[in-house]
K.L.:
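Dumping the structure here so I can ask a few things about it.
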Amino acid sequence: GAVVSQHPSRVICKSGTSVKIECRSLDFQATTMFWYRQFPKQSLMLMATSNEGSKATYEQGVEKDKFLINHASLTLSTLTVTSAHPEDSSFYICSAQPPTSATPPANEQFFGPGTRLTVL
Amino acid sequence: GEDVEQSLFLSVREGDSSVINCTYTDSSSTYLYWYKQEPGAGLQLLTYIFSNMDMKQDQRLTVLLNKKDKHLSLRIADTQTGDSAIYFCAVSSNDYKLSFGAGTTVTVRA
């Protein structure tokens, strides 16, 4: 089946530093990747949608200058949390979507295992 | 945006059936999903239902959709300890974005 990896799985950083999280589709090409944020006991909140070779589309309330997204290839998207602060501590999850398939569900997303970010 | 609501906790005895409920607001939702998340892991798609269906059964899983009431449910028959996890309801419309509920933590007790 379709596998999506994320690296690192956990990261602890000091306030003010930047952290990069990678999301890779291992056995398929992903035309679209999504980045989510999940707070404890809460739902996944969509942060942004990235399409290969174009700028990411951010959801309302998400600062694009703080959360930099690069989708440089069909198998890799990166999320960089710039000048991280304790309130950015969260579980970040990516998902990857292959080109629209004739097999339903046509818009299935495959999720990575998530990255736990802790900012001290 | 889309609001998706589900109860936060469910405790069930091993061997019994579990029923997780979900309500949503957007009547144009096309696909409705159930995902399972185990500790430290990503979301695993369990099953989905298309909006023109009322019911879908897949082994121990049964999904019921009431479009009029915008209500979706997931029934797990013969619940096992391995079914302990967080279950997320999610809906999508034509823009392919997913809106998630807060997740229901299912605890299976012996």
Side-chain angles (χ1 to χ4, degrees), chain A residues 1-10 21 23-26 30-51 56-62 91-101 103-117, chain B residues 1-10 20 22-26 28-53 56 58 63 65 72 85-107:
Chain A
V3 179
V4 176
S5 70
Q6 277 185 245
H7 178 80
S9 57
R10 287 179 178 272
I21 303 169
C23 176
R24 291 182 187 272
S25 55
L26 298 185
T31 48
T32 305
M33 287 186 170
F34 301 87
W35 286 95
Y36 297 86
R37 186 172 178 177
Q38 184 182 25
F39 291 102
K41 308 295 184 192
Q42 293 189 30
S43 180
L44 281 74
M45 300 300 298
L46 179 64
M47 299 174 67
T49 303
S50 79
N51 292 294
T57 302
Y58 289 81
E59 295 299 301
Q60 194 171 9
V62 178
F91 195 53
Y92 292 88
I93 301 175
C94 75
S95 72
Q97 187 176 73
T100 301
S101 166
T103 305
N107 56 346
E108 183 173 0
Q109 296 179 28
F110 298 94
F111 286 82
T115 297
R116 173 75 60 195
L117 170 63
Chain B
E2 172 80 77
D3 284 332
V4 181
E5 301 277 343
Q6 51 183 128
S7 54
L8 293 182
F9 301 100
L10 176 67
I20 308 168
C22 172
T23 58
Y24 58 97
T25 56
D26 187 352
S28 68
S29 299
T30 51
Y31 283 106
L32 302 102
Y33 304 83
W34 284 103
Y35 286 89
K36 178 182 182 182
Q37 185 182 36
E38 296 183 82
L43 274 69
Q44 172 197 357
L45 178 63
L46 280 180
T47 187
Y48 68 93
I49 191 167
F50 193 53
S51 59
N52 66 355
M53 299 165 66
K56 181 179 180 183
D58 184 2
V63 179
L65 174 61
L72 182 73
I86 303 175
Y87 291 81
F88 289 92
C89 168
V91 301
S92 72
S93 54
N94 292 334
D95 64 2
Y96 292 169
K97 291 182 184 178
L98 289 175
S99 296
F100 286 87
T104 300
T105 300
V106 174
T107 303

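Values below: every heavy atom of this structure, side chains too, minus hydrogens, waters and symmetry copies. Just so we're on the same page: letters track the sequence lines, and every chain starts at 1.
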K.L.:
What part of Tyr35(B) gets within 4.5 angstrom of chain A, counting heavy atoms only: side chain, backbone, both, or neither?
P.N.:
side chain

K.L.:
Which answer fits Ile93(A), side chain, backbone, both or neither, if we ask what part of it has an atom under 4.5 Å from a heavy atom of chain B?
P.N.:
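The side chain, not the backbone.
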
K.L.:
Taking atom CD as the centre, does Glu5(B) end up with more than 12 heavy-atom neighbours from other residues, nucleotides or ligands that are less than 6.0 angstrom away?
P.N.:
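Counting other residues, nucleotides and ligands, CD of Glu5(B) stays at 12 neighbours or fewer.
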
K.L.:
Mind running side chain to side chain donor-acceptor pair (under 3.5 Å) on Tyr33(B) and Gln109(A) for me, showing each step along the way?
P.N.:
CA-CA 11 Å; Tyr33(B) 304 83; Gln109(A) 296 179 28; over 6 Å; no

K.L.:
Looking at every heavy atom in both Ile21(A) and Tyr92(A), which two are closest together, and how far apart are they?
P.N.:
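Closest heavy-atom pair between Ile21(A) and Tyr92(A): CD1-CB, 4.0 Å.
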
K.L.:
If I measure from the heavy atoms of chain A, does Gln37(B) come under 4.5 Å with its side chain, its backbone, both, or neither?
P.N.:
side chain

K.L.:
Please report the closest heavy-atom contact between Gly103(B) and Ile86(B), naming both atoms and the distance.
P.N.:
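So the minimum-distance heavy-atom pair works out to CA-CG2, 3.8 Å.
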
K.L.:
Could you look at Phe39(A) and say if it's the side chain, the backbone, both or neither that has a heavy atom under 4.5 Å from chain B?
P.N.:
neither

K.L.:
With a 4.5 angstrom heavy-atom cut-off, could you sort out which part of Gln38(A) is near chain B: side chain, backbone, both or neither?
P.N.:
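Only the side chain of Gln38(A) comes within 4.5 Å of chain B.
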
K.L.:
By a 4.5 Å heavy-atom criterion (distance strictly below it), what part of Gln60(A) contacts chain B: side chain, backbone, both, or neither?
P.N.:
neither

K.L.:
Would you confirm whether Gln6(B), through its side chain, and Tyr87(B), through its main-chain N or O, come within 3.5 Å as a donor-acceptor pair?
P.N.:
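Yes; at least one donor-acceptor contact below 3.5 Å.
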
